Amino acid sequence: MGNQEKIGSVVLDLSYYSGEDIYTDGAVEDEMLEIVKNNPIARFPQIIEEKKNWPIFYHLSPLRTNIIDWIPFQKTDKVLEIGSGCGAITGAVAKKAGQVVCIELSKKRSLVNAYRNKEQDNITIMVGNFQDIEPMLPTDFDYVLLIGVFEYGRAYIGGTTPYQDFMEICNRHRKPEGQMMIAIENQFGLKYWAGCREDHLGTYFSGLEGYHGGGSARTFTRRGLEALMEQVGITEYTFYYPYPDYKFATMIYSDRYLPKKGELSNNLRNFDQERVLLFDEKQVFDQIIEEQVFPLFSNAYLLVIGKRPDMAYTKFSNDRGEKWAIRTAIVEDAPGHFHVEKIPHTPAANGHIVNTLHAYRLLSQRYEGTKIKINRCRTIDRAADKGLAFSFCKGTTLETLLDACLAAADMDGFRKWITEYMEWLYYRETEFTISNLDFIFPNIIVDGEDWHIIDYEWTFEKRVDAKDIAFRAFYNYILGSEMRKSCEDLLMQEVLGFSQEQIAAAAEEEQEFQHYINGDHASVPQMRELIGFRAYALKGMLEYCIFANVKFVAQIFVDYGEGFSEEHSRTFHDCFIEERNLRLVYDIPEGAVKVRIDPCAYCCVVDIRNIQIGDKKYTQEEVEVNGYRQACGSIVFESTDPNIVIPVEQSGRLMVDMEVLELPEKLAKQFAVTPEAAVPEEAKEDVVARAKGFIRKQWRK
């Protein structure tokens, strides 16, 4: 075939490459290329933590593959990946499939992809414009993947119906029994209502408002995607709902298995830019789930076009140390009939699967003949996956039952459930040297008289005090919502009898246990903290607005020959930019002889940039102040009532532009000892720095 290069075993086809990368993320792509050239994939997590950089985290994190890791690729499968980028998905597909063909416009990104996957001998990366390459592609792919790509349909295709055309063109390259998979943000995703910026444009609410400002990309609601499929003639499809989104999915739901109240609590995921927090997304998700409209507000979609997969739900527990990394799935055997599977995510996790099977046998012996039913499991050994299969239990989690008691203020019912829970924790405790640390409320499903224990992976052959296991259940339950905190004293003190010191010590032990599970790498939530983009709570913003409404206010007084008075004054709000730049416009009334500008009501340093009425600009000598002029041109006011007075020589529009920085009183007095006091430029900068620090301190108060 034409112009080709080989990076290791990966084929780089440059036959359609124009010789220039039209789009790029800049220097960070060069940095990524050096990383993948000089480091094994196993070192990527460590490098990600060291760099604390969103593009590097996004492109190189192994957790990006969660969105497709559940797909049962076979070695006989051909896969087309459109928009493969830096290869976040490519390598994971290549390990399972027979042949992977990638299309990518950027050569540099394709090089990153090739170097990170250079040991794979079944990858071909075609570099160039999609419209040039697409006519040459076969139409017999088992899978066509568009992961974070469909939203750029306008850039790929152009024309008046770019997204409809893009869907139709891509879909014709799968074989009739094949599948096309589109991962994309939901235009109406709850995170956007709650204050996240639109992922592609970086603006607030632009998707919710219908993209009226345009932009290079756009997302769709479920109904919007269905309308496109209807226009294309696609009738066989399945929607999945990745949570928190498709980029770093921890759970993937479907219409056959939707989320339950209390499950969607991991919502603070603004890795790439700052956001605001308009409401508690967990609480709103609970209401959405109760109203049965979750598909409308899911943050993202994974649309599978073609035959419906057997998988109804999957949960990824691979943000852990390798020994504990597994995936849990609910699989449909026949319409309406399901079973649960646990699959090791890495070979190192096989031991964890074996230990879980052993725990089932021991716990079954401990609770034999009781209402406690340890969920039966058996080994599975398919070509693609090895692991455990469990029965699918129906009923209501103990967590949900406790929440219902709290919501109804039924404390007697709440105590009844907790009392029985504690009885089963203590049951035959001294007879068996085995402890199930996973005996927590979400893992207990109550169905009539039976209590099904659906998860027991953290079971150890040692005796752990029942109260310590109960603390873990109580602690994680209380953290789930504000409503649950109302029962904290009952659970921690009345039931367990723990002092505050014991509670603190037990909480620290729980954190140590989580650290033990996670291994030495930073978890995804910790990466958010390391990257450092903030989330601003609505409460704090409102408090600041109230503060600013009083603090950042200026006033103009007009003298008609009888002096200044409140009667002849006007107050200006919203006149400060960035808390320091004061800009005013005011029409001088007829008969005015003087105007007084009060820039604020605190000690400050002022730099006058411009004061003028009509075409008359006032010089420093024409301005009267009750502060101290400095050699650098600034004016220091040690008074909390700073005044700037100008004579009115003509009527017209007053325009004021000045910089106003608050000063602590002691600092103001230091610079206001004498009108002749000279303030060197470096001292002036120190004043500015101290003033900024003082403002931030007041804000925090």
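Note that the structure is predicted; figures quoted are calculated from it, not measured.
Results of the side chain to side chain donor-acceptor pair (under 3.5 Å) test with Lys191 over Asn267, Asn270, Asp199 single out Asp199 as the only residue that passes. Across His173, Arg174, Glu168, a single residue satisfies side chain to side chain donor-acceptor pair (under 3.5 Å) together with Asn171, and that is Arg174. Just one of Phe297, Trp193, Phe220, Phe205 meets the ring-ring contact (aromatic ring centres under 6.0 Å, His included) condition when paired with Phe188; it is Trp193.
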**Request:** Run the numbers on Arg275 and Glu281 for salt bridge (charged side-chain N to carboxylate O under 4.0 Å, His left out), then give the verdict.
**Result:** CA-CA 13 Å; Arg275 64 164 292 183; Glu281 285 160 84; 3.1 Å; yes

**Message:** salt bridge (charged side-chain N to carboxylate O under 4.0 Å, His left out), that's the test. Do Lys342 and Asp455 meet it? Break it down for me.
**Reply:** CA-CA 10 Å; Lys342 286 187 180 292; Asp455 202 347; 3.4 Å; yes

**Request:** Run the numbers on Asp255 and Tyr241 for side chain to side chain donor-acceptor pair (under 3.5 Å), then give the verdict.
**Result:** CA-CA 9 Å; Asp255 292 312; Tyr241 311 107; 2.8 Å; yes

**side chain to side chain donor-acceptor pair (under 3.5 Å) assessment of Glu263 paired with Tyr253** = CA-CA 11 Å; Glu263 289 183 357; Tyr253 295 92; 2.7 Å; yes

**Asked** Going through the distances and angles, do Tyr301 and Phe150 end up as a side chain to side chain contact (heavy atoms under 4.5 Å, CB included)?
**Response** CA-CA 12 Å; Tyr301 297 126; Phe150 188 72; over 6 Å; no

**Request:** With side chain to side chain donor-acceptor pair (under 3.5 Å) as the test, would you mind laying out the steps for Glu226 and Tyr237 before giving the verdict?
**Result:** CA-CA 9 Å; Glu226 287 177 327; Tyr237 58 86; 3.3 Å; yes

**Request:** Verify side chain to side chain contact (heavy atoms under 4.5 Å, CB included) between Thr90 and Gln120, making sure each step is shown before the conclusion.
**Result:** CA-CA 10 Å; Thr90 310; Gln120 301 290 340; over 6 Å; no

**Request:** Please lay out, stage by stage, how Asn66 and Thr250 fare under the test side chain to side chain contact (heavy atoms under 4.5 Å, CB included).
**Result:** CA-CA 7 Å; Asn66 285 358; Thr250 59; 5.6 Å; no

**Request:** Just do the side chain to side chain contact (heavy atoms under 4.5 Å, CB included) check on Leu225 and Ile182 with the steps written out, would you?
**Result:** CA-CA 10 Å; Leu225 290 170; Ile182 298 174; 5.6 Å; no

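The two residues Glu49 and Ala522 come nearest to each other via the heavy atoms OE2-N, 2.7 Å. The minimum heavy-atom distance between Ala249 and Ile252, with the atom names listed, is CB-CG1, 4.3 Å. Between Arg218 and Tyr163, the closest heavy-atom pair is CG-OH, 3.1 Å. Smallest separation of non-hydrogen atoms from Arg197 and Gly202: NH1-O, 3.2 Å. Heavy-atom minimum distance, Lys107 versus Asp21: N-OD1, 2.8 Å. Nearest heavy atom pair, residue Pro525 against residue Asp319, reads CD-OD2, 4.1 Å.
For the pair Asn476 and Glu510, the minimum side-chain heavy-atom distance is below 4.5 Å. Side-chain contact check for Asp13 versus Gln4: some heavy-atom pair is nearer than 4.5 Å. The side-chain heavy atoms of Thr161 and Gln231, taken from C-beta on, include no pair separated by under 4.5 Å. With contacts defined as side-chain heavy-atom distances shorter than 4.5 Å, the pair Ile68/Tyr143 does not qualify. Put simply, the side chain of Cys377 reaches to within 4.5 Å of the side chain of Tyr456, judged on heavy atoms. With a 4.5 Å cut-off on side-chain heavy atoms, Ile330 and Val340 count as touching.
Within 6.0 Å of the NZ atom in Lys307, the count of heavy atoms belonging to other residues, nucleotides or ligands does not exceed 12. Taking a 6.0 Å sphere around CD of Glu119, one finds it holds 12 or fewer heavy atoms contributed by other residues, nucleotides or ligands. By the 6.0 Å contact criterion, NZ on Lys78 is enclosed, its count of non-hydrogen atoms from other residues, nucleotides or ligands being greater than 12. Annotation for Arg172: atom CZ counts as buried by contact number, over 12 foreign heavy atoms lying within 6.0 Å. The neighbour count for Arg43 CZ, taken as heavy atoms of other residues, nucleotides or ligands under 6.0 Å away, is above 12. Within a 6.0 Å radius of CD in Glu230, other residues, nucleotides and ligands contribute 12 heavy atoms or fewer. Shown here is Lys51, whose NZ atom has no more than 12 heavy atoms of other residues, nucleotides or ligands within 6.0 Å. Crowding of Lys75 atom NZ: a count of heavy atoms from other residues, nucleotides or ligands under 6.0 Å exceeding 12.
Rounded to the nearest 0.5 angstrom, Thr459 OG1 and Arg361 CZ are separated by 13.5 Å. To the nearest 0.5 Å, the span separating CZ on Arg269 from CG on Asp245 amounts to 7.0 Å.
Not a single donor-acceptor pair under 3.5 Å links the side chain of Asp77 to the backbone N or O of Asp142. Side-chain atoms of Asn299 come within 3.5 Å of backbone N or O of Leu190 as a donor-acceptor pair. Between the Asn518 side chain and the His515 main chain, no donor and acceptor come within less than 3.5 Å of each other.
Checked against the 6.0 Å centroid threshold, Phe390 and Tyr360 do not count as a close aromatic pair.
Using cut-offs of 30° and 60° on the angle between ring planes, the pair Tyr240 and Trp70 is tilted. The aromatic rings of Phe285 and Phe294 are tilted relative to each other, their planes meeting at an angle between 30° and 60°. Using cut-offs of 30° and 60° for the angle between ring planes, the Tyr516 and Trp324 rings count as tilted. Ring planes of Tyr313 and Tyr257: tilted class, angle from 30 to 60°. A parallel orientation is assigned to the rings of Trp54 and Phe271, their planes being inclined by less than 30° (bins at 30° and 60°).
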